[in-house]
Every structure is written in C-alpha cells, then in structure tokens.
Q: 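A single structure is presented below for examination.
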Amino acid sequence: MKTNIHQLLTQTPLDTEVVVKGWVRNRRGSKQVAFLTLNDGSTPHTIQIVVNFDTIAEEILKGITTGACLKVVGKLIASQGQQAKEVVAQSIEVYGLADGETYPLQPRKHSLEFIRENAHLRARTATFGAVFRIRHSLAFAVHEYFNKEGFYYVNTPIITASDAEGAGQMFRVTTLDLQQPPQTEEGQLDFAEDFFGRSTNLTVSGQLEAELLALGLGKVYTFGPTFRAENSNTTRHLSEFWMIEPEMAFYNIQDNMDLAEDFVKYVIRYALQHNPEDLQFLEKRLLDEEKNKKQEERSPMPLVEKLNFVLDHSFERITYTEAINILLNSKPHKKKKFTYEVKWGIDLQSEHERYLVEKHFKKPVIIVDYPKAIKAFYMKSNDQEEVGKETVRAMDVLFPGIGEIIGGSQREENYEKLTERMTAMNISLEEMWWYLDTRRFGTAPHSGFGLGFERLVQFVTGMTNIRDVIPFPRTPKNADF
RNA sequence: UCCUCUUUAGCUCAGCUGGUUAGAGCACCUGACUGUUAAUCAGGGGGUCCUUGGUUCGAGCCCAAGAAGAGGAGCCA
C-alpha cells in the first residue's frame, strides 16, 4: 500500500518498514550520519530521514541537496531529536537531483515576490503547499455545500457573444488573421468572417446564463473561470479568476443574504476542520511577516482566531443609506480624513468600506439597497421611494482586509421595468432577446450573487496578494508559466 | 491608468560627499566534526551594479528616458 508522509506521521505504527517518496527540503549532517527532511505535499510537515554511512554508501548522498527527489526504504522509528518520528534509511534511490548551483529554492525564507517569479516550482514550498491544499478544501466545500442544499452545478459558456453585462473590459476571442483582418465596406473589422460569425469574448460573468438555468432548474450554481481585461494592478485583482455564482428562483434579497452568509461560513468551517495544520502554519507565517510591521498595520487577531470569529458572529446587515449616515457621523469624515467625499449617491470607496468593516463594526458587513444609478440594469428596483433616491435590491458582503468578497442582488423579474431600464442604459433589447424571454414567459422572482473564489482563499489563508492563492496567476503583463 | 517606493552575487541586503581591486550573511563546492533541527567550524568559486543615453578626468552613486517588481488608488469579484 502506498503511504504518504502525512499518514506516516499520523497513523503508521512505529517499527514499520516504510517506503517514503518526496522532495528534499533540507540536509544536515556529520561524518557518520546525514539528516534529510522530506516533503511530498501531503502535509505541511516534513519527515526526517536518518542516513547512517555504515548502512548507505556516502557516495549515494553526493549531490543530494534541497530539491532532489528520492525514494527511501527504511524503518519508521521514534526520533532521538525534537520530532516524534523519523525514518532510518535502509536504501535510497535517487529519482532526480537538483543542482545546487542553479535550483532556485533554498532551505531559507524566500520573499513571496521571488517565489512568484518561480511559480513553476512553488508547489514545493511549505507556504504554497498549505495555500493550495486549503484552496482545494474550499473548492470541495463549495460543491459539498451546494449539493447538500439542493443546488445543481451548471456550466456556463466561457466564450460568449454577450457584451451587455458591463462587468468590465473583455478579452476578444478570434481566429481572424490579425495581419490582414477582413474589413466591411465601412472599413470596420468584419466579424462575419470570424470563427463564430460574430464578435466573441471570454466571459466576464456567468450570471445571465445562470439566471436562464435557475428559471427552470430552481437552484443552480456555477464555479468556473472568469476573465477581465481590466488594467488592474492590485493585490486583489486577477485577469483570470474563478467565480462562484449561485442563482436561485423564488429567493428574495433577504433569502439571498441568508444564503451568502451561511455559505461562506460553511466553507470556512470546512477549512478549519480539514486543514488545521496548514492554517496553523500560515498563521505562524503571517505573524513572522508582520513582526516587521507597525502595530496598527498588523492583523488585529491571529488567522485561526479570525476565522473562528467570523463563524461566531452574524454579519452586520445595514442599508446603503444607513452606511452613508454612519460614515457622515464618523471621525474620519468630521476630521476630513477621507479622500473621497461622503454623500448619498456615491459608490462606496475602499476607504469607506474599510472604515465600516474594520473600524466601526469590526466584523463582516452586508450592505443592501444601493442607489439605482450606480448599479447594473438587472437589479430589482425597490418600490415607492423618494425621487432622486431610488434604490435597487443589491447587496455586497464586505470582509476585513480584502473588501468586497460577494456582490449580488435580487433580479428584476418585471419585463416592463427591466426593458425600461435597459433602454435607459443603452443596452440592446434585440441582442438580449434570450434573457428577456425569461421575463416574457413565466417570469419568477429570483436572486443570486457572485463570489470571487481567490478572494475567499485570500481571506482564509491570510495571504495578502491574490497572485499567491492561484497556482498560475494571470495579471496585466504577466502570463508566464 | 494614476501616485509612491524599489531594482547591486543564486537569495536577502550593505555600499558614506562621485574616487582607484564592489562587500556581508545564507545557498553551492571542498574539508573538519559521534544524532543534526536555520546544525556548527575552516577554505573556495560566483557580479551585464535593470536597460539606454547623458553630465564628469572619473558613475553602483548625479541627470533623463524606458523596463520590470512591490504597495496604494481607480475599476471590480
């Protein structure tokens, strides 16, 4: 039976003959004995291999440095050193050496920027091992949650012709000859000649398609790649990221918020239960990293405590109007510390959101009922409101440290109101005929939201740069590996 | 896209007011050491000082342009 290092450390009884395969993290030694620490990705911990030179020819150890991959046959025994268990080698087979002169990773702390430049090898580091294991757990928990709640997993297209969503700049998909593109008589690019016979792009959201499926299947969710060609250079934006978009028939905005909170708590709890050692490792990493920071820039609580805090407290729910009033009465506003003016109708800026979440409530906050003027066409209008202060049933879930983690709304199901709004916003009714058909035939109240998966992974792992929570980050000017 | 900062050995960094042969720790190699834990000790090799142009007798250091990276902002998830 194949055993991994996690099993060796936690389950395998002592004095068992074992086979260990993994990559060397570190090597120490003296004349008689060498110590290798090995990791195989199954655990944040390493197992120590003891090599006595009277058993193993010293020649075999030549060239085995950090990064080498080995197969070790030996016996699992109680360690004389600080770790509980270790393996005394009986034989060693070298799968591959890693030339010390050129192998980039060393048994020392590297900067995250350096490791990012070597993203092809970073799965071998303790930090990224932990991050990617947690990422897996969260992804698995997403499916588990929705499955248990009666949702269907649906796949929406990655190549779309829709350009009505307005979620951001899009990547064009084309097979046209860019050297000599076909032109129409007016001198425009002739997309009739293109592969699909029309202009197509990578999806910026699966929401509109998910709505079609929800209005038939009831409760659905998507979990897939999403693309935005925005020139965003921040620690929380990617050009290619994974989005989770549940869409539910017969859910109003309250149901939508309840679901969002329950869902996020479920997946965080899952990671706490399934990756305690990885989280402990990352917690320690974060503490080390923040040692050099000023007190006020450090995280207010350790990682695991922060996650438990989120589970133990209900998210604060306030309306946009209430949020504006809190901000108007806040110290930074009165002392004119905000860069952006606070008044009803503005889109809340990062500094405002951060004040509400990190200073005022000190926990996750859900803001609802945003001004209609700053939100998308498909969001349901609230009734009977003061002229000039119309709102829509939109909600954002704000998390400390990363800001908006979820954006959602109840959708406008009324055909007349929807088309009126689309016309006002210059969105083509003809192109969106398929979307409007759901309102024309058997329309139903429904809601949904989108959650940026990487932002969730960021929050749970405490990683501050979103490029460090996806194996192959795509950002402006960077598509390496 | 805007603002700020950064770029010197494989990595992390130092390098004074512009001055002659550019340094340290770690990594790597060689050797020492009776079980190490960031092992330790001794020695060795290793440099396009981001690029281009300029100022100067002389530039790692000053000036200009550009590139890349980081942080923040905007856009958003």
Side-chain angles (χ1 to χ4, degrees), chain A residues 25-37 45-54 62-67 77 79-83 86 88 97-118 165-169 204-207 225-245 260 288 292-293 297 338-340 347-351 353-354 374-376 396-399 402-408 449-459 464-468 470 475-478 480:
Chain A
R25 282 279 170 80
N26 196 2
R27 173 187 170 178
R28 298 175 289 270
S30 66
K31 197 169 189 177
Q32 272 75 26
V33 62
F35 302 93
L36 304 169
T37 49
H45 303 297
T46 54
I47 191 153
Q48 173 159 283
I49 308 294
V50 184
V51 185
N52 290 303
F53 292 137
D54 47 10
K62 286 258 193 242
I64 294 182
T65 53
T66 301
I77 61 163
S79 177
Q80 300 171 28
Q82 15 182 286
Q83 52 280 315
E86 64 189 13
V88 182
L97 295 176
D99 175 35
E101 292 280 344
T102 46
Y103 183 64
L105 303 178
Q106 297 167 16
R108 80 189 295 285
K109 240 183 133 52
H110 288 294
S111 66
L112 290 171
E113 293 94 84
F114 174 73
I115 301 177
R116 207 174 294 145
E117 284 166 18
N118 292 281
E165 227 260 319
Q169 288 292 308
V204 292
S205 164
Q207 182 202 311
T226 310
F227 308 86
R228 305 266 168 99
E230 301 286 351
N231 192 9
S232 297
N233 295 288
T234 78
T235 52
R236 48 188 200 288
H237 287 87
L238 290 165
S239 308
E240 177 181 302
F241 63 102
W242 286 66
M243 193 149 64
I244 296 151
E245 294 179 290
D288 286 346
N292 301 322
K293 288 189 175 175
E297 288 171 12
F338 286 134
T339 308
Y340 292 87
D347 209 348
L348 293 177
Q349 304 295 320
S350 295
E351 59 179 355
E353 295 180 346
R354 216 174 309 122
I374 58 171
K375 287 293 179 181
D396 282 354
V397 180
L398 309 178
F399 264 37
I402 47 178
E404 185 181 342
I405 196 167
I406 287 176
F449 62 81
L451 175 140
F453 185 55
E454 282 75 17
R455 291 196 181 166
L456 176 68
V457 181
Q458 262 188 295
F459 183 75
T464 46
N465 193 316
I466 200 165
R467 290 159 210 175
D468 295 329
I470 184 167
T475 51
K477 298 261 170 17
N478 178 18
D480 291 340

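Residue numbering restarts at 1 for every chain, and letters A, B, ... go by the order of the sequence lines. The structure presented is a predicted model; accordingly, all values stated were derived computationally and were not measured.
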Q: Look at the side chain of A/E113 and decide which nucleotide, out of B/rC28, B/rA70, B/rC75, has an atom nearest to it.
A: B/rA70

Q: Given B/rG35, B/rC75, B/rG71, identify the nucleotide with an atom nearest to the side chain of A/E86.
A: B/rG35

Q: Considering only B/rG69, B/rG10, B/rG74, which nucleotide approaches the side chain of A/Q106 most closely?
A: B/rG10

Q: If the cut-off is 4.0 Å, is A/S30 near the phosphate of B/rA32, judged by side-chain N/O to OP1 or OP2?
A: no

Q: Nearest whole Å is fine: how far is B/rA77 P from A/D396 CG?
A: 8 Å

Q: Would you mind telling me which of B/rG35, B/rC33, B/rC28 lies closest to the side-chain atoms of A/V50?
A: B/rG35

Q: Report which part of the nucleic acid A/T234 touches: base, sugar-phosphate, or nothing (heavy-atom distance under 4.0 Å, all strands).
A: base

Q: Looking at every strand, decide which applies to A/K477 at a 4.0 Å heavy-atom threshold: base, sugar-phosphate, or nothing.
A: sugar-phosphate

Q: Less than 4.0 angstrom between a side-chain N/O of A/R27 and OP1 or OP2 of B/rC28, yes or no?
A: no

Q: So for A/Q32 and B/rG35, does any side-chain atom that can act as donor or acceptor lie under 3.5 Å from a complementary atom in the base?
A: no

Q: Respond yes when some side-chain nitrogen or oxygen of A/K31 is under 4.0 Å from OP1 or OP2 of B/rC33, and no when none is.
A: yes

Q: Looking at B/rA70, I'd like to know if its phosphate oxygens (OP1 or OP2) sit under 4.0 Å from a side-chain N or O belonging to A/R116.
A: yes

Q: Closest approach to the side chain of A/F241, judged atom by atom: which nucleotide of B/rG35, B/rC28, B/rA77 is it?
A: B/rA77

Q: Counting distance alone, no hydrogens or angles: does the base of B/rC11 have a donor or acceptor under 3.5 Å from a partner atom on the side chain of A/H110?
A: no

Q: Does the structure show a Watson-Crick or G-U wobble partner for B/rA68, both distances under 3.5 Å? Name it, or say none.
A: B/rU6

Q: Is there a side-chain polar atom (N or O) of A/R236 under 4.0 Å from OP1 or OP2 of B/rA73?
A: yes

Q: Determine which nucleotide pairs with B/rA59, using a 3.5 Å limit on both distances of a Watson-Crick or G-U wobble pair.
A: none

Q: Is there a Watson-Crick or G-U wobble partner for B/rU37 with both distances under 3.5 Å, and which nucleotide is it?
A: none

Q: Between the base of B/rU36 and the side chain of A/Q48, is there a donor and acceptor pair under 3.5 angstrom?
A: yes

Q: Look at the side chain of A/E101 against the base of B/rG10 and say whether a donor-acceptor pair falls under 3.5 Å; ignore hydrogens and angles.
A: no

Q: Under 4.0 Å, heavy atoms only, any strand: does A/F114 hit a base, just the sugar-phosphate, or nothing?
A: sugar-phosphate

Q: Can you check whether A/N465 has a side-chain N or O nearer than 4.0 Å to OP1 or OP2 of B/rG71?
A: yes

Q: Within the modelled atom types, does a donor on one side and an acceptor on the other bring the side chain of A/S232 and the base of B/rC75 under 3.5 Å apart?
A: yes

Q: Among the nucleotides B/rC28, B/rG35, B/rA38, which one has an atom lying closest to any side-chain atom of A/N26?
A: B/rA38

Q: Can a side chain N or O of A/T102 be found less than 4.0 Å away from OP1 or OP2 on B/rG10?
A: no

Q: The side chain of A/D347 lies closest to which of these nucleotides: B/rU37, B/rC28, B/rC76?
A: B/rC76

Q: Where the side chain of A/N233 is defined as all heavy atoms beyond and including C-beta, which of B/rC33, B/rU1, B/rU36 is the nearest nucleotide?
A: B/rU1

Q: Under 4.0 Å from OP1 or OP2 of B/rU36: is there any side-chain N or O of A/R28 that close?
A: no

Q: Between A/Q349 and B/rC75, does any side-chain N or O lie under 4.0 Å from OP1 or OP2?
A: yes

Q: Give A/E454 one of three labels, base, sugar-phosphate or nothing, depending on what nucleic acid heavy atoms sit under 4.0 Å from its own.
A: nothing

